[in-house]
Amino acid sequence: MKALVLAGGSGSRLRPITHSFAKQLVPVANKPVLFYGLEAIADAGIREVGVVVGDTEAEIREAVGDGSRFGVRVTYLRQDAPRGLAHAVLIARDFLGDDDFVMYLGDNFIVGGINDLVERFRQERPHAQIMLAKVSDPRAFGVAELDDTGRVVALEEKPERPKSDLALVGVYLFGPAVHEAVRRLKPSRRGELEITDTIQWLIDQGHRVESTMVSGYWKDTGNVADMLEVNRLVLEGLEPAVAGEVDSASELIGRVVVEEGARVSGSRIVGPAIIGPGAVVRDSYIGPFTSIDRDCTVIDSEIEYSIVLRGASIDGVGRIEVSLIGRQARVTPAPSVPRAHRLVLGDHSKVQISK
């Protein structure tokens with residue numbers, strides 16, 4: 001079995017962060033979302049991975065490399081534009097051959113991995129297998145309709161009037177019959193080759209399509225609220241560890257990780273929280289569910305339930321919460337005064353905030 005990981009797309013719902021940064025590389029607990037997927041694939045025993053890339057190819061290549069750090073071999077597949085999930089299968093035909101494969105959306109986060117899903121596919125041998133999860137607003141997803149026996153009978157992409165609340169999770173397994181399906185597709189009203197139409201073709205042609213309900217936690221990390229929620233969930237599983245410097249005037253409470261090269265002085269950190277390598281936290285309060293990435297600076301400030309990306313600086317700010325702050329962003333005091341600030345800052349931003 002091979003894997004096809006989708007790491008293209010524009011990340012429009014995470015702008016301005018993704019104006020200059022691949023959405024799959026936005027970190028959760030200081031590790032890119034994409035890495036969690038690659039680790040899950042490797043853990044399932046899959047070694048050959050095709051990574052579909054677009055305009056952010058250089059960033060993805062630099063971060064992932066040849067895949068050896070994850071225990072896989074990576075082949076990069078260039079998609080000239082975001083033309084739909086099925087188009088990614090189309091351009092990956094030579095790489096995939098006639099092997100079974102798992103298609104994994106690189107900005108999805110699934111707790112518990114995909115081992116059970118892969119094993120079930122290998123044992124039962126359907127032509128396709130999908131994962132489903134109940135969602136409050138299925139209009140934003142591909143939606144599946146099941147019959148009374150639980151068999152998949154119909155799918156629709158982002159319907160205005162959904163026939164169920166069952167959304168397709170961003171992990172799919174296919175046998176080689178899928179290649180004929182994608183060849184026969186025509187672009188949808190959105191101008192894309194839809195994976196839902198692909199699976200519907202398989203159903204209409206009498207091929208067996210099975211579904212599995214997600215038993216653990218799943219999120220499409222396409223917006224800020226979901227990124228922060230996934231960050232919270234991952235931080236909940238932290239084991240406390242201090243490899244950096246923490247002075248005697250500082251207090252660490254609960255599950256706190258201070259990575260090697262980080263320096264904490266005169267500060268209070270309440271976990272779960274993580275402070276990345278080379279970061280400096282001085283005379284500050286870091287509250288629960290906060291990730292401070294490598295080489296950041298937090299001085300004389302308070303921050304909670306937030307993600308701060310590499311090299312950002314927060315200096316002299318009363319309080320920040322529920323925020324996603326981009327690489328090399330600068331947050332400093334300015335006249336005038338809210339008690340709490342909620343920010344989504346793009347890379348290299350500079351914002352002045354009243355103390």
Side-chain angles (χ1 to χ4, degrees), residues 17 21 25-36 38-39 59 62-65 69-70 109 227-333 341 343 345 347-351 353:
I17 296 291
F21 194 36
L25 296 181
V26 176
V28 169
N30 288 359
K31 182 165 70 175
V33 171
L34 176 61
F35 288 11
Y36 292 95
L38 292 171
E39 289 168 354
E59 287 180 86
E62 182 180 359
V64 175
R69 64 184 291 187
F70 306 101
F109 186 90
M227 285 295 309
L228 292 173
E229 173 63 13
V230 170
N231 190 64
R232 180 197 66 78
L233 181 78
V234 176
L235 290 177
E236 284 278 20
L238 277 185
E239 292 295 330
V242 177
E245 300 177 15
V246 179
D247 73 359
S248 59
S250 297
E251 184 180 19
L252 308 183
I253 300 172
R255 297 186 299 279
V256 175
V257 171
V258 180
E259 298 192 84
E260 186 174 359
R263 302 192 305 278
V264 178
S265 61
S267 298
R268 188 169 188 251
I269 303 177
V270 179
I274 184 168
I275 312 299
V280 173
V281 178
R282 186 167 70 239
D283 300 328
S284 295
Y285 167 76
I286 309 295
F289 311 119
T290 302
S291 296
I292 308 295
D293 207 348
R294 63 173 58 245
D295 300 324
C296 291
T297 303
V298 182
I299 298 173
D300 191 25
S301 300
E302 298 182 6
I303 185 167
E304 184 170 316
Y305 198 84
S306 296
I307 299 173
V308 183
L309 274 62
R310 186 180 71 241
S313 173
I314 302 168
D315 190 347
V317 177
R319 188 171 180 84
I320 295 171
E321 56 187 32
V322 196
S323 299
L324 176 58
I325 297 176
R327 299 175 299 176
Q328 307 298 327
R330 297 288 180 265
V331 185
T332 57
H341 310 284
L343 309 173
L345 300 182
D347 301 344
H348 304 285
S349 300
K350 183 175 182 180
V351 176
I353 294 179

When rounded to the nearest 0.5 angstrom, what is the spacing between [atom1] in [X] and [atom2] in [Y]?
| X | Y | atom1 | atom2 | answer |
| --- | --- | --- | --- | --- |
| R327 | L25 | CZ | CG | 8.5 Å |
| I325 | S349 | CD1 | OG | 9.5 Å |
| L228 | L235 | CG | CG | 10.5 Å |
| D295 | Q328 | CG | CD | 8.0 Å |
| L252 | I275 | CG | CD1 | 9.0 Å |
| I314 | L345 | CD1 | CG | 8.5 Å |

Is [Y] close to [X] at the side-chain level, that is, under 4.5 Å between some pair of heavy atoms?
| X | Y | value |
| --- | --- | --- |
| E321 | E302 | no |
| V308 | D293 | no |
| K31 | V234 | no |

After noting the C-alpha distance and the side-chain angles of I353 and L343, does the key distance pass the side-chain contact (heavy atoms from CB on, under 4.5 Å) rule?
CA-CA 11 Å; I353 294 179; L343 309 173; 3.8 Å; yes

Suppose we screen for side chain to side chain donor-acceptor pair (under 3.5 Å). Which residues come up paired with [X], at least two apart in sequence or across chains?
| X | result |
| --- | --- |
| R294 | none |
| S250 | D247 |
| E304 | Y285, R319 |
| S291 | N231 |

Suppose we screen for salt bridge (charged side-chain N to carboxylate O under 4.0 Å, His left out). Which residues come up paired with R282, at least two apart in sequence or across chains?
none

Going by salt bridge (charged side-chain N to carboxylate O under 4.0 Å, His left out), name the residues that satisfy it together with E260, two or more places apart in sequence or in a different chain.
none

For E229, side chain to side chain contact (heavy atoms under 4.5 Å, CB included) partners two or more places apart
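Once residues adjacent in sequence are excluded, the partners of E229 under the side chain to side chain contact (heavy atoms under 4.5 Å, CB included) criterion are Y217, K219, R232, Y305.
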
Taking every non-hydrogen atom, the tightest pair across [X] and [Y]:
| X | Y | answer |
| --- | --- | --- |
| G326 | A312 | O-CB, 3.6 Å |
| A63 | R69 | O-NH1, 3.3 Å |
| T290 | G287 | OG1-O, 2.9 Å |
| G316 | P333 | O-CG, 3.1 Å |

Please walk me through it: do L309 and L324 pass side-chain contact (heavy atoms from CB on, under 4.5 Å)?
CA-CA 8 Å; L309 274 62; L324 176 58; 3.6 Å; yes

Check the pair M227 / V33 against side-chain contact (heavy atoms from CB on, under 4.5 Å), numbers first and verdict last.
CA-CA 9 Å; M227 285 295 309; V33 171; 4.1 Å; yes

Would you be so kind as to tabulate the donor-acceptor pairs closer than 3.5 Å made by side chains of residues 261-274, with sequence neighbours excluded?
residue, atom, partner, partner atom, Å
S267, OG, S265, O, 2.8
S267, OG, D283, N, 3.0
S267, OG, S284, N, 3.0
S267, OG, S284, O, 3.4
R268, NE, E251, OE1, 3.2

Can you list everything that forms a ring pair (Phe, Tyr, Trp, His ring centres under 6.0 Å) with Y36? Sequence neighbours excluded, please.
F109

Name all residues meeting the ring pair (Phe, Tyr, Trp, His ring centres under 6.0 Å) criterion together with F35; count only those two or more places apart in sequence or in a different chain, and write none if there are none.
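Applying ring pair (Phe, Tyr, Trp, His ring centres under 6.0 Å) to F35 gives F70.
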
Short question: side chain of S301, backbone of V298 - any donor-acceptor pair under 3.5 Å?
no

Is there a donor-acceptor pair under 3.5 Å between the side chain of R255 and the backbone N or O of E236?
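Yes.
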
